[in-house]
Novice: 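First the structure, then my questions, so here it is.
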Amino acid sequence: KPGTDAALALGVCHLIMRDDKVNKDFVKEQTDLPLLIRGDTRMFLKQSDVQANGQANHFMMWDARSNALVDAPFRSLKLEGIDPELDVRRTVKLKDGQEIEVRSVFSLLRDRLAEYTPENASKMCGVSPKMIERLAKEIMRAKAVSSVAQTSMCKYFHGNLAERSVALIFSLTG
């Protein structure tokens with residue numbers, strides 16, 4: 001159905017997550033999915049939230065190696081010895097002593113994609129669940145995948161979100 005590209009793309013993303021075909025190394029280094037989100041404000045957890053004299057433009061992630069809250073690399077995408085945990089749901093203490101729940105963007109994305117089963121995506125976009133499964137499997141098996149992004153998609157209402165949904169496939173699979 002015209003204008004439902006996002007539903008199809010998110011259905012594919014649902015399957016990539018469900019089947020654990022996420023390129024974790026790529027996602028950890030090249031995306032914001034390991035960054036932490038505050039449960040109280042739904043904003044990124046910043047260094048200034050947890051450290052006296054912390055920077056408001058430095059974000060936080062959970063390091064699996066040290067099992068601790070750490071600054072996300074700031075000057076480059078290189079992880080510099082950090083192994084970001086992707087599926088995070090924890091409680092952290094802010095600099096004022098308050099404890100809040102934080103979740104990684106990856107964790108929130110997993111929850112959001114849960115509703116985009118092939119059956120639900122099919123109802124939205126008109127592509128059969130079997131074809132959505134087939135497309136996802138072909139993408140997950142492929143060594144390389146490409147998409148021709150047409151400039152007309154962004155001219156539709158929420159077209160930028162449709163383009164982002166397609167890009168999410170590439171982000172999850174590296």
Side-chain angles (χ1 to χ4, degrees), residues 5-117 121 136 139-140 144-145 147 149 153-154 158-174:
D5 303 77
L8 175 60
L10 294 175
V12 169
C13 290
H14 168 89
L15 294 169
I16 292 166
M17 293 281 259
R18 183 197 74 187
D19 295 351
D20 197 27
K21 297 296 184 182
V22 174
N23 181 333
K24 292 181 177 98
D25 290 337
F26 181 87
V27 167
K28 288 177 181 184
E29 185 181 73
Q30 298 293 318
T31 74
D32 65 355
L33 296 177
L35 297 180
L36 299 176
I37 301 294
R38 294 175 57 134
D40 59 344
T41 63
R42 303 292 275 188
M43 304 290 285
F44 285 112
L45 180 68
K46 300 176 283 193
Q47 187 187 62
S48 60
D49 295 329
V50 295
Q51 297 174 14
N53 301 318
Q55 300 293 313
N57 61 348
H58 287 229
F59 301 115
M60 307 302 291
M61 56 178 50
W62 196 268
D63 180 31
R65 286 191 181 121
S66 64
N67 195 30
L69 188 64
V70 297
D71 298 340
F74 181 72
R75 301 216 182 276
S76 78
L77 295 175
K78 292 181 183 176
L79 292 173
E80 302 165 354
I82 299 170
D83 182 17
E85 193 172 310
L86 285 178
D87 210 352
V88 178
R89 183 180 218 139
R90 297 188 179 265
T91 300
V92 299
K93 188 179 278 193
L94 301 179
K95 67 182 178 188
D96 66 5
Q98 178 187 1
E99 291 189 354
I100 62 164
E101 181 183 78
V102 295
R103 293 184 66 188
S104 61
V105 176
F106 184 89
S107 170
L108 293 167
L109 177 64
R110 179 184 299 283
D111 288 356
R112 184 72 176 105
L113 290 175
E115 70 185 81
Y116 287 93
T117 63
I139 289 169
M140 289 185 266
V145 178
S147 170
M153 189 186 302
C154 67
H158 292 307
N160 63 324
L161 298 177
E163 289 177 346
R164 288 176 183 214
S165 298
V166 172
L168 184 58
I169 295 169
F170 297 103
S171 294
L172 291 174
T173 59

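As a basis for the values below, the full set of heavy atoms in this structure was taken, side chains included, without hydrogen atoms, waters or symmetry mates. If you read the sequence from its start, that first residue is 1, and numbering goes on from there.
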Novice: So, the side chain of Asp49 versus the backbone of Lys46: is there a donor-acceptor pair under 3.5 Å, distance only?
Specialist: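 Here the side-chain-to-backbone pair exists.
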Novice: Evaluate the criterion side-chain contact (heavy atoms from CB on, under 4.5 Å) for residue pair Phe74 and Asn57; output intermediate values, then yes/no.
Specialist: CA-CA 9 Å; Phe74 181 72; Asn57 61 348; 3.6 Å; yes
Novice: Supply the atom-to-atom distance Asp111 CG to Arg89 CZ, rounded to the nearest 0.5 angstrom.
Specialist: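 Output value for this atom pair is 6.5 Å.
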Novice: Please find the pair of heavy atoms, one from Leu113 and one from His14, that lie closest to each other, and give the distance.
Specialist: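 Looking at all heavy atoms of both residues, the closest pair is O-ND1, 2.8 Å.
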Novice: Between Leu77 and Glu29, what is the shortest heavy-atom contact and its length?
Specialist: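 Smallest heavy-atom distance, with atoms named: O-CG, 3.2 Å.
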Novice: Nearest 0.5 Å please: distance from the CG atom of Leu10 over to the CG atom of Leu15.
Specialist: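 Output value for this atom pair is 11.0 Å.
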Novice: Using the side-chain contact (heavy atoms from CB on, under 4.5 Å) rule, pick out the option among Arg103, Met61, Met60 that qualifies with Leu45.
Specialist: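 Output: one option passes, namely Met60.
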Novice: Minimum heavy-atom separation for Pro84 and Lys28, please, with both atom names.
Specialist: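 Between these two residues, the closest heavy atoms are O-CE, 3.1 Å.
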Novice: Could you walk me through whether Val22 and Phe106 pass side-chain contact (heavy atoms from CB on, under 4.5 Å), step by step?
Specialist: CA-CA 11 Å; Val22 174; Phe106 184 89; 4.1 Å; yes
Novice: Under a 4.0 Å threshold between the charged nitrogen and the carboxylate oxygen, would Arg38 count as salt-bridged to Asp40?
Specialist: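 Between Arg38 and Asp40 there is a salt bridge, with a charged N closer than 4.0 Å to a carboxylate O.
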Novice: Between Glu80 and Ser76, which heavy-atom pair has the shortest distance, and what is it?
Specialist: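 Scanning both residues completely, I find the closest heavy atoms to be OE2-OG, 4.1 Å.
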Novice: Would you please test Leu172 and Leu109 for side-chain contact (heavy atoms from CB on, under 4.5 Å) and show each step?
Specialist: CA-CA 11 Å; Leu172 291 174; Leu109 177 64; 4.3 Å; yes
Novice: When you look at NZ of Lys93, are more than 12 heavy atoms from neighbouring residues, nucleotides or ligands closer to it than 6.0 Å?
Specialist: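 No, not enclosed.
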Novice: Of all heavy-atom pairs between Ile82 and Pro73, which one has the smallest distance, and what is that distance?
Specialist: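 Distance-wise, the nearest heavy atoms are CD1-CD, 4.1 Å.
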Novice: May I ask you to decide if Gln55's main-chain N or O and Gln47's side chain share a donor-acceptor pair within less than 3.5 Å?
Specialist: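 Yes, the answer is positive, given that a donor and an acceptor are paired below the 3.5 Å cut-off.
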Novice: Indicate yes or no for a side-chain donor-acceptor contact from Asp83 to the backbone of Asp63 under 3.5 Å, with no hydrogens or angles considered.
Specialist: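 Side chain of Asp83 to backbone of Asp63, a donor-acceptor pair under 3.5 Å: no, none is there.
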Novice: Please work out whether the ring planes of Phe59 and Phe44 are parallel, tilted or perpendicular, with thresholds of 30° and 60°.
Specialist: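 The rings of Phe59 and Phe44 sit tilted, inter-plane angle from 30° to 60°.
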